[in-house]
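The structure under discussion appears below in the form of structure tokens.
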Amino acid sequence: MEIARQKLAESPSARFDAEILLAHVLESSRSFLYANPELELTHKRAEQFKKLVKRRALGQPVAYLTGSSEFWSLPLRVTPAVLIPRPETERLVETALERIPPEADWRIADLGTGSGAIALAIASERQKCEIHATDISPAAIDIARDNARQLGLGHIHFHCGSWGEPLQGKFHLVLSNPPYIDADDPHLRQGDLRFEPETALTPGPDGLDAIRQISQFAGSVLLEGGWLMLEHGWEQGTQCRETLASAGFVEIRTLRDLQGHERVTLGEKD
Ligand code: GLN
């Protein structure tokens, strides 16, 4: 464990990472490690652990090494085919739940669902809603479907295709955490982002491209009084509000994440 910690010393979460990886190798939890400090690893498990630590030291995200992540307290399977769900995105889920009445039978669309995080979180809280989730990546749709099955959340319809293209009919709510980082942003070449699917992070040279497309689509499929809610970059609040306004939305506002950054913009269909 000490060696693992030294190897990972460059990462600010070295100790935490080492514990998660060790718990994964032991098919147990971090609290199990604390409860059993004298535990000896078998040779096979020690080798497995060393390999994982080596890959982590090369920068690979812990979630891809363990194949799992947690979002909205739901355990999710993740692979390099999908973005690792972020805590900021829980702000989007909270915002949606504040507006969806508990017994509502709304039609809801989650565009670019990836691991299914947003759709699954909402489905877990609103059993009567009809939720449709899309992704252009067939590998992502497979993972999202698998996550829904594992969690016993059968009331989600998954569709492979670009944004709203595979969907039909009208919706009460459209939400998305789209790719929003400019293709030339140096952050894409740092940390976990280096290992995540590029299409989930950046729409191309203009970070607002996907946000514009989704706003246009939402403007045409939302019922009157329906909502569009989008996650975006911390410097995109103003442009996002303008985009929603020019797509015909009203009551537009932006909410901040726990770091105090503008993160979620929503608007109502007039
Ligand atoms: N919030 C993520 C990050 O900056 C990016 C996710 C996205 O592009 N939708 O790390």
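Indexing begins at 1, ligand by ligand and atom by atom, following the structure's order.
Listed by chain and number, residues touching ligand 1 at under 4.0 Å (heavy atoms only) are L83, R86, E88, N177, P178, P179, Y180, I181, L193, A200, L201, E231.
Salt bridge status for K128 with D105: absent, with no side-chain N to carboxylate O gap under 4.0 Å. A salt bridge between R45 and E27 is present, with a side-chain N of the basic residue lying under 4.0 Å from a carboxylate O of the acidic one.
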Would you give me the side-chain donor-acceptor pairs under 3.5 Å for residues 153-160, sequence neighbours excluded?
from	atom 1	to	atom 2	distance (Å)
H155	NE2	A123	O	3.2
H159	NE2	H132	ND1	2.8

Below 3.5 Å, can you tabulate the donor-acceptor pairs from side chains in residues 67-75 to any protein atom, sequence neighbours excluded?
from	atom 1	to	atom 2	distance (Å)
S68	OG	T66	OG1	3.3
W72	NE1	E125	OE2	2.7

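Remark: R126 is not positioned above the aromatic ring of W106, lacking an NZ or CZ atom under 6.0 angstrom from the ring centre and at most 45 degrees off the axis.
Sorted pairs that involve residues 155-174 and meet salt bridge (charged side-chain N to carboxylate O under 4.0 Å, His left out), not counting sequence neighbours, are lacking altogether.
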